[in-house]
Q: 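Let me begin by handing over the structure; questions about it come next.
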Amino acid sequence: MDIRTIGVVGAGQMGNGIAHVMAQAGFDVLLNDINQDALARAVATIDKNMERQVTRGKTSPEDKAAAMARIRTTQAIADVGQTDLIIESATEREEIKNKIFESLTPHLAPHTILTSNTSSISITRLASRTDRPERFMGFHFMNPVPVMQLVELIRGIATDQPTYDACHAVVDRLGKTAASAEDYPAFIVNRILIPMINEAVYALYEGVGNVRSIDQAMKLGANHPMGPLELADFIGLDTCLAIMHVLHEGLADTKYRPCPLLTKYVEAGWLGRKTKRGFYDYRGEEPVPTR
Ligand code: CAA
């Protein structure tokens, strides 16, 4: 199947990155959000990130202008239904994703492939709420989308081979690499990464180290580009906690219990970089550890 147009539902951190790389790969992108300010912010972020790529010689000003011109925005979810491939990238909450798929379903073209950028929720369960479980799958990007090489492709129990092949071809066209994961809680990357972050929060909670020593230990001792607490702030502490809940409930194993300190930060609204406070305080010139 020839995919030319991409609908992206949700213009947050992941949605704007997905629109960015799709437009650069030559797809026409329709970016949807219920909030007009979120759409305006997303376009401004894409413009800034592409400009950074121009400055670093990764793209030309002409290619940037052409990519920006391929991105259109809409507040009407019905418009998105006519695109060839839809990537839902809303908040990591199952009831929100279900609502989106329910409101999209009556407007879908017969050939449209539906996908979710969920980082942990069952693809089979999400697919079951739509009219096309065989044309539904997980299409999971890593953050920051323009930089990270991997896309996880997750088949639900009903996903058919042409749908998988079409999504794989899109990943190839992006110049990224696909890894296939089975549909179990949090798939591959987050099954391993988020419990590591949760363990780092336990180390902080139990006083094994402070924010700086834990991050430094993993950066210099394990060659990670970011320490686990810095990475948690980057991903969003609400997302990290939501994924731990999915693992804990979905696998029913106490080894996945979320650290109470992670829960406390989320309850405080300290969600990391996006709210300017998490394990670090980002309100000044330099990030300052909060513990
Ligand atoms: N858009 C475009 N380019 C970007 C960018 C963005 N949003 N953010 C960074 N870049 C580019 C920079 O322009 C730079 O390009 P060059 O190499 O050409 O100079 C390059 O990325 C490196 O950026 P910086 O020099 O500014 O910063 P850095 O060297 O500290 O790297 C980083 C930043 C790439 C984010 C690095 O710290 C890193 O790899 N961190 C770990 C990221 C990670 O683990 N992501 C996965 C999170 S898990 C996930 O996403 C799954 C989930 O479901 C939760």
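For reference, positions follow the sequence shown, starting with 1. Counting starts at 1 for both ligands and their atoms, in listed order.
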Q: Just so I know, are the side chains of Gln82 and Leu30 near enough to count as touching, which here means a heavy-atom distance under 4.5 Å?
A: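 Sidechains of Leu30 and Gln82: no contact.
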Q: Return the protein residues near ligand 1 (heavy atom under 4.0 Å from any of its atoms), ordered by chain and residue number.
A: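 Answer by chain and number: Asn49, Arg52, Arg56, Lys58, Ser119, His140, Met142, Asn143, Pro144, Pro146, Val147, Met148, Asn190, Leu193, Pro225, Met226, Leu231, Ile235.
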Q: Contact between Ile87 and Val9 at the side-chain level, heavy atoms closer than 4.5 Å - yes or no?
A: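 SC-SC contact between Ile87 and Val9 ruled out.
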Q: I would like to know whether Tyr205 and Arg291 meet side-chain hydrogen bond (donor to acceptor under 3.5 Å, both in side chains); could you show each step before the answer?
A: CA-CA 10 Å; Tyr205 176 65; Arg291 289 178 97 80; over 6 Å; no
Q: With a 4.5 Å cut-off on side-chain heavy atoms, are Val43 and Met68 touching?
A: yes
Q: Tell me whether Phe27 is reachable from Ile86 by hopping between hydrophobic residues (I, L, V, M, F, W, Y) whose side-chain heavy atoms are closer than 4.5 Å.
A: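 No; Phe27 is not reachable from Ile86 via cluster members.
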Q: Looking at residues at least two apart in the chain, or sitting in another chain, which of them share a salt bridge (Lys or Arg N to Asp or Glu O under 4.0 Å) with Asp281?
A: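 Per chain and number, Asp281 pairs via salt bridge (Lys or Arg N to Asp or Glu O under 4.0 Å) with Arg283.
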